[in-house]
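Scroll down for the structure; my scribbles are underneath it.
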Amino acid sequence: MPSSPASLVRSFSECGLQRVSQFSKRIIGGNEARFGEFPWQAHIRIKGYQCGGVLINHYFVATAAHCVYNAQLHHITVHLGEFDTKDTGDYHEPLPKETFRVLEKRLHPNFKYMLTQPDRYDIAVLRLNRPVHYQENILPICLPDPSDDFNGAVGVVAGWGKTDNSFGKTGTNILRKVMVPIINNDECLRWHHIKGIDVQLHFEMFCAGHSEGKMDACLGDSGGPLVVSKKGRWYLAGITSAGFGCAIDHQPGIYHKVSVTSSWVASSSKT
């Protein structure tokens, strides 16, 4: 029998592992990550703005399609193993980051940009200009099986996006993380209805957040991963996609559900 797309990725023994013990969301209300805690995390610079991303294998990084669909390739740079984006020297970074150019962007064929609603099939993969050398702070995430359902699980979102709702506030230079519970779409619709928001959710989307708000992803975290731990490894449950405000009560973040497109991600992440 042929291997499933997810098993192709899982065959890399490195996927979904953390090795920070070797070193002594748009994110609001979270905490600073440790160096190398999320070795699959990518920092993507696109001319005048930033997005998150996640390392899939030696040649490909996944991100939100809305981050890159209008971008020219020569304007995109991908940084792996990043922690302090300003290199202030205030934090111990025992291993360097690696910077890559992008040779090709592959958007999901069903991606649809929606002006006032969450984008449909908001996922893309970027082919890097050279192979990634795995090390303690640069390792790939595991892809979920198409049958995986993380509803009710607690996920972790990380990124360098805004850390509060202040107008004009820029992102943080230090990678931050926040834990968010994944809620079912009916509950998510009910929460938005409480706030008078008519949101359209589709089966390739899910919501994650706290009813009281306070902890969330925010502007600049789009494209970053929401990961869930299972049996000692971390799996890519979602890609940060949208939200009506940040860290506001009953307005959770909206994510692309990767299990729906994991077969496409696996097949599209081949050279």
Side-chain angles (χ1 to χ4, degrees), residues 25-31 51-52 54 62-67 108 110-123 144-159 161-167 169 176-230 234-262 265:
K25 101 190 176 67
R26 313 174 320 176
I27 308 303
I28 293 178
N31 302 303
C51 276
V54 57
T63 187
H66 81 259
C67 285
H108 193 279
N110 294 333
F111 168 69
K112 185 176 181 181
Y113 178 75
M114 308 289 288
L115 188 61
T116 60
Q117 291 290 339
D119 299 323
R120 299 295 310 269
Y121 290 90
D122 194 12
I123 189 167
D145 279 322
S147 61
D148 282 343
D149 184 358
F150 297 104
N151 191 38
V154 175
V156 180
V157 188
K162 289 179 62 169
T163 56
D164 66 39
N165 279 313
S166 302
F167 178 77
K169 176 77 175 183
R176 295 181 66 85
K177 62 182 179 180
V178 67
M179 297 177 66
V180 286
I182 297 172
I183 60 177
N184 67 56
N185 283 7
D186 287 341
E187 182 76 350
C188 185
L189 289 169
R190 189 180 70 82
W191 283 11
H192 281 89
H193 181 73
I194 291 172
K195 304 303 291 286
I197 298 171
D198 179 23
V199 62
Q200 297 173 10
L201 297 178
H202 300 273
F203 70 96
E204 83 280 4
M205 305 173 185
F206 69 84
C207 301
H210 301 265
S211 60
E212 68 275 18
K214 299 182 181 179
M215 293 185 286
D216 195 8
C218 200
L219 188 66
D221 291 319
S222 289
L226 184 152
V227 296
V228 174
S229 179
K230 184 175 70 171
W234 290 87
Y235 289 83
L236 181 60
I239 293 287
T240 305
S241 178
F244 293 85
C246 307
I248 301 172
D249 68 285
H250 294 96
Q251 295 175 209
I254 300 171
Y255 298 81
H256 172 74
K257 188 175 183 179
V258 177
S259 60
V260 172
T261 54
S262 59
V265 173

Side chains of [X] and [Y]: does their closest heavy-atom pair fall under 4.5 Å?
| X | Y | answer |
| --- | --- | --- |
| Phe206 | Asn184 | no |
| Leu236 | Val265 | no |
| Ser259 | Pro146 | no |

How long is the span from the [atom1] atom in [X] to the [atom2] atom in [Y], to the nearest 0.5 Å?
| X | Y | atom1 | atom2 | result |
| --- | --- | --- | --- | --- |
| Ile197 | Leu189 | CD1 | CG | 11.5 Å |
| Asp148 | Lys257 | CG | NZ | 9.5 Å |
| Arg120 | Ser241 | CZ | OG | 11.0 Å |
| Gln251 | Cys207 | CD | SG | 11.5 Å |

Closest approach of [X] and [Y], non-hydrogen atoms and distance?
| X | Y | result |
| --- | --- | --- |
| Val54 | Ile239 | CG1-CD1, 4.0 Å |
| Ser222 | Cys51 | O-CB, 3.2 Å |
| Pro252 | Ala208 | CB-O, 3.5 Å |
| Tyr255 | Gly238 | CB-CA, 4.4 Å |

* Asked: What class does the angle between the rings of His108 and Tyr121 fall in, given that below 30° is parallel, 30 to 60° is tilted and above 60° is perpendicular?
  -> parallel
* To do: Report the relative orientation of the aromatic rings in Trp191 and His250; use parallel for angles under 30°, tilted for 30 to 60°, perpendicular for over 60°.
  => perpendicular
* **Residue His202 excluded, over 12 heavy atoms near NE2 under 6.0 Å** => yes
* **More than 12 heavy atoms from other groups under 6.0 Å of NZ on Lys195** => yes
Counting distance only, does the side-chain N/O of [X] pair as donor-acceptor with the main-chain N or O of [Y] below 3.5 Å?
| X | Y | value |
| --- | --- | --- |
| His192 | Glu187 | no |
| Gln117 | Gln200 | yes |
| Asn185 | Leu201 | no |
| Thr240 | Gly224 | yes |
| Asp145 | Ser147 | no |

* **Quiz item: cation-pi between Lys230 and Tyr235, 6.0 Å / 45°** => yes
* To do: Start with the C-alpha distance between Thr261 and Glu204, add both sets of side-chain angles, then the distance that settles side-chain contact (heavy atoms from CB on, under 4.5 Å), and finish with yes or no.
  => CA-CA 8 Å; Thr261 54; Glu204 83 280 4; 5.6 Å; no
* **Criterion side-chain contact (heavy atoms from CB on, under 4.5 Å) on Ile182 and Val228, from CA distance to verdict** => CA-CA 10 Å; Ile182 297 172; Val228 174; 4.1 Å; yes
* side chain to side chain contact (heavy atoms under 4.5 Å, CB included) involving Asp119 - partner list, sequence neighbours excluded -> His66, Phe111, Tyr113, Met114, Asp122
* To do: Carefully, step by step, assess Lys112 and Asn110 under the rule side-chain contact (heavy atoms from CB on, under 4.5 Å).
  => CA-CA 6 Å; Lys112 185 176 181 181; Asn110 294 333; over 6 Å; no
* To do: Determine, stepwise, if the pair Leu226 / Val180 fulfils side-chain contact (heavy atoms from CB on, under 4.5 Å).
  => CA-CA 9 Å; Leu226 184 152; Val180 286; 3.8 Å; yes
